[in-house]
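On a predicted model such as this, the values are computed, not experimentally measured, just so you know. What's counted below: heavy atoms across the whole structure, side chains too, no hydrogens, waters or symmetry copies. Every number for a ligand or one of its atoms is a count from 1 in the order of the listing.
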Amino acid sequence: MVKMDPKLRIDALKEQSVASNIEFFLITDIKNVYYFTGFLDISDATICLIIPSGATPLLLTYPLSYELALEKAGGCTVKSVESGKISEQIINKAVSLNVKKAYFDKLDFPTYLKLRDKGIDVNQDGDMIWKLRRIKDADEIELMRKAAKLADIGMQAGLEAVKVGVFEYEIAAEVEYAMRKGGSEGTAFETVVASGPRSAFPHGLCSDRRIQGGDFVTLDLGAVHKGYRSDITRTTIAGKASKRKKELFNLVLKAQEEAFHHIRPGIVGKEVDNVARKIIDDGGYGKMFVHGLGHGVGLDIHEPPRLSPRSNDVLEAGNMVTDEPGVYIKGFGGVRIEDLIHVLADGGERLTKTPRGLEV
Ligand SMILES: [Mn+2]
């Protein structure tokens with residue numbers, strides 16, 4: 001049984017806070033609250049974790065979530081607050097602790113103003129938390145391995161469902177059913193099934209278009225396991241591929257493969273991006289590779305570190321990043337191939353393992 005120890009994470013944050021003279025850290029992003037407490041609330045909840053430097057962390061939640069929060073958030077004092085009163089509680093706590101300087105990851109504007117009115121210096125700092133979150137510990141790696149496996153199950157079902165005459169949404173349904181059946185908590189993001197000319201839209205979602213012979217079909221999907229996400233894309237062909245489609249596919253595959261072999265600690269995000277971009281550029285499609293090569297994945301589907309032309313993020317062991325070059329030709333179609341990569345001490349490890357061939 002995988003067990004997170006949020007207490008160690010709070011200690012790590014406190015350590016950084018002390019070094020930066022931060023006496024009061026307000027955490028309202030629900031993913032961050034989960035990371036530091038083990039309590040995951042629904043996405044639109046208003047909750048707040050207060051980490052004062054010298055006292056026990058305080059989790060403010062509303063009555064609906066109180067019992068669950070109490071059960072999960074072991075290292076915190078949990079307080080149930082009437083809905084609409086969380087802001088007031090935050091301010092009271094800051095005033096009672098005589099806080100001079102507060103930091104937050106995300107904060108609503110009225111609360112921000114009210115804290116300022118109390119003479120408190122209020123600052124945003126997401127970096128301190130991302131410094132921790134971007135390096136996955138052994139437990140998180142195991143959870144993400146499982147999420148990746150569930151995505152492979154979804155992809156397998158999706159690829160099997162690609163047939164001439166089938167609606168895109170039917171393929172998406174097979175993907176999501178298989179992942180759910182396998183134990184996924186839902187989808188990591190809206191499943192993409194983009195066929196024919198629609199495969200030229202990088203985020204084409206899925207529509208009521210029917211698959212036609214010779215279509216590119218791009219499936220981009222992800223599963224969720226204990227809050228951790230996975231991300232995989234495959235492009236396949238319905239029936240037989242034309243020569244041009246094969247060439248385009250092989251170019252993107254080569255870019256994906258080469259970039260993968262460059263993933264290791266110490267390399268900069270833009271350097272990895274450039275490996276793939278150069279191959280696609282040399283193939284004549286540089287202008288049609290319209291996004292960065294990849295992004296970090298964890299509790300969020302898009303998080304640091306980034307692999308893009310401007311990213312100065314340096315890869316470290318324990319990072320989880322995607323490797324997903326793509327080429328999109330308006331009216332013709334597009335190809336994207338994506339794997340979730342675990343950065344090891346000496347290279348990369350593909351967590352998603354579905355074969356990458358064009359014709360399955
Ligand atoms: Mn992705």
Ignoring hydrogens and angles, state whether a donor on the side chain of Glu324 or Thr233 is under 3.5 Å from an acceptor on the partner side chain. no

Atoms of protein origin (N, O or S) under 2.8 Å from the Mn ion (ligand 1): Asp231 OD2, His295 NE2, Glu324 OE2, Glu338 OE2

Kindly assign one of parallel, tilted or perpendicular to the pair Tyr228 and Tyr34, based on the angle between their ring planes and the thresholds 30° and 60°. tilted

Would you check if Glu338 and Asp231 make a side-chain contact, meaning some heavy-atom pair closer than 4.5 Å? yes

Tell me whether the rings of Tyr103 and Phe25 are parallel (<30°), tilted (30 to 60°) or perpendicular (>60°). tilted

Distance alone, cut at 3.5 Å: any donor-acceptor contact between the side chains of Asp152 and Thr354? yes

Within the 3.5 Å criterion, strictly below it, is a donor on Ser207 or Arg198 matched to an acceptor on the partner's side chain? yes

